Amino acid sequence: MNIRTALTLLMLISLTACATAGKVDHADKQAKLANIHYQLGIDALGKQGMLPKAFDELMKSNEILPNRPEVLDALAYAWLLRGDMKKSEAFYLRAIHHGAGAATFNNYANLLNRMKRYPDAEKTVRKALADPRYPNQDLAFINLGDALLGQQKYDDAIKAYLQARVFNPDSTLVNIRLAHAYFKHGKLQESRAIYEIIIRKQPENRQAVEGLISVLEQQNDTAAARQILSRFSHQQTVSPLDRAWALRELDRINSL
């Protein structure tokens, strides 16, 4: 090999290396830009009135670097907030197709419960629970309980909610779901006890008060129902709408 040939080869190698480095640098910049838009979209999802901004940022992220599972999952949730369950489902399925993990299976199961597709929700959330590394085990067991309750599998639903409570003992959401499951199963004393514990800690919790009123009516304990509603309506932290609801309920029960 003469000197001229060697120099030519060196120049070609140098040019190839520069081109490769340029492509890597461009790809790295695109990935960083896509991630910035994704983070801005996630931040906007958590703020009231920022849903259009969330869509804008997440769509930009997906355009720059298409089909990242976490971006598709966020877009699915954005569509759910928008009220379009079909588009939400389409994005969850895309995210799963592109390798999404347990979090997306759990989120999709929540959507299926909202759509009252309970057997599908049960099957989907079990895929999330199959990954023991998934950090939000309590939420997954809540979704499992909801799916089972929707199928009137009351004992299994109660077991699922109890398992959720193991992971998050102080969760009001878990305890309200558990109380409701006991109510649906006809175990009124268990349901009443849980609701009363919640209300002692959170006297302004309308959901718990509503649940307890349903239990008390089944038990024909209208005196206790009146007392609970009167106490609730006098809570200073109760909103005007909730107070109006309580007063209407009082009138209804007094007319029974």
Side-chain angles (χ1 to χ4, degrees), residues 45-48 77 80-81 102-103 105-114 116 118 121-122 125 128-129 134-219 221 224-250:
L45 274 178
K47 295 176 181 177
Q48 190 173 3
Y77 181 61
L80 176 59
L81 293 178
F105 280 112
N106 190 40
N107 293 337
Y108 182 34
N110 177 59
L111 173 68
L112 291 169
N113 276 327
R114 290 171 183 250
K116 302 187 186 304
Y118 300 116
E122 179 187 353
V125 76
L129 287 168
Y134 178 50
N136 296 323
Q137 296 280 313
D138 58 324
L139 298 180
F141 275 109
I142 288 173
N143 279 326
L144 177 60
D146 291 350
L148 293 166
L149 190 63
Q151 298 173 74
Q152 299 181 355
K153 298 178 180 178
Y154 299 121
D155 286 326
D156 290 337
I158 288 167
K159 288 178 184 177
Y161 293 133
L162 287 171
Q163 190 62 43
R165 195 160 69 171
V166 170
F167 287 100
N168 194 350
D170 299 322
S171 170
T172 301
L173 176 62
V174 171
N175 286 314
I176 283 180
R177 291 285 214 282
L178 180 59
H180 180 64
Y182 277 127
F183 173 74
K184 296 291 287 185
H185 199 18
K187 297 185 176 183
L188 301 181
Q189 283 301 110
E190 290 89 339
S191 180
R192 179 172 179 169
I194 295 171
Y195 281 131
E196 287 175 343
I197 289 170
I198 295 170
I199 292 168
R200 277 199 294 272
K201 294 178 180 178
Q202 301 174 22
E204 75 289 348
N205 190 316
R206 173 173 165 176
Q207 192 174 2
V209 170
E210 285 191 70
L212 181 55
I213 295 303
S214 297
V215 173
L216 294 172
E217 286 193 87
Q218 286 288 314
Q219 294 180 323
D221 194 347
R226 290 190 193 95
Q227 186 180 33
I228 292 293
L229 287 167
S230 177
R231 190 182 304 147
F232 177 77
S233 68
H234 286 89
Q235 291 293 324
Q236 292 184 349
T237 53
V238 167
S239 72
L241 285 175
D242 287 347
R243 184 171 289 107
W245 165 80
L247 293 173
R248 285 198 305 273
E249 283 293 287
L250 267 173

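These figures come from a predicted structure and were not determined experimentally.
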Give the minimum heavy-atom separation between Phe141 and Ala160, together with the two atoms involved.
-> CB-O, 3.5 Å

Does any donor atom in the side chain of Gln189 or Gln219 lie under 3.5 Å from an acceptor atom in the other side chain?
-> yes

Rounded distance (nearest 0.5 Å) linking atom CZ of Phe167 with atom CG of Asn136 = 11.0 Å

In Å, rounded to the nearest 0.5 Å, how long is the span from CD of Gln163 to CG of Leu129?
-> 9.0 Å

How would you list, by chain and number, every residue that makes a side chain to side chain contact (heavy atoms under 4.5 Å, CB included) with Asp242, sequence neighbours excluded?
-> Arg206, Phe232, Val238, Ser239

Beyond-backbone contact of Tyr195 with His180, side-chain heavy atoms, under 4.5 angstrom = yes

Under 4.5 Å between any side-chain heavy atoms of Glu210 and Trp245, yes or no?
-> yes

Hey, what do you get for CG (Leu212) to CD1 (Ile199), rounding to the nearest 0.5 Å?
-> 4.5 Å

Do other residues, nucleotides or ligands put more than 12 heavy atoms under 6.0 Å from Glu196 CD?
-> yes

Which atom of Ser191 lies closest to which atom of Ala179, heavy atoms considered | OG-O, 2.8 Å

Any chance you could measure Ile176, atom CD1, to Leu178, atom CG, to the nearest 0.5 Å?
-> 11.0 Å

What distance do Ile158 atom CD1 and Arg165 atom CZ have between them, rounded to the nearest 0.5 Å?
-> 11.0 Å

From Asn143 atom CG to Tyr108 atom OH, the distance as rounded to the nearest 0.5 Å | 13.0 Å

Under 3.5 Å, is there a donor-acceptor pair between the side chain of Ser233 and the main chain of Ser230?
-> yes

Looking only at heavy atoms, which two atoms of Val125 and Ala109 are closest? And how far apart?
-> CB-CB, 3.6 Å

Using a 4.5 Å cut-off on heavy atoms from C-beta on, say whether the side chain of Lys153 contacts that of Glu122.
-> yes

For Tyr77 and Asn107, test the side chains for any donor-to-acceptor distance below 3.5 angstrom and give the result as yes or no.
-> no

From the list Asp156, Asp138, Asn175, Asp146, side-chain hydrogen bond (donor to acceptor under 3.5 Å, both in side chains) partner of Tyr161 resolves to Asp146

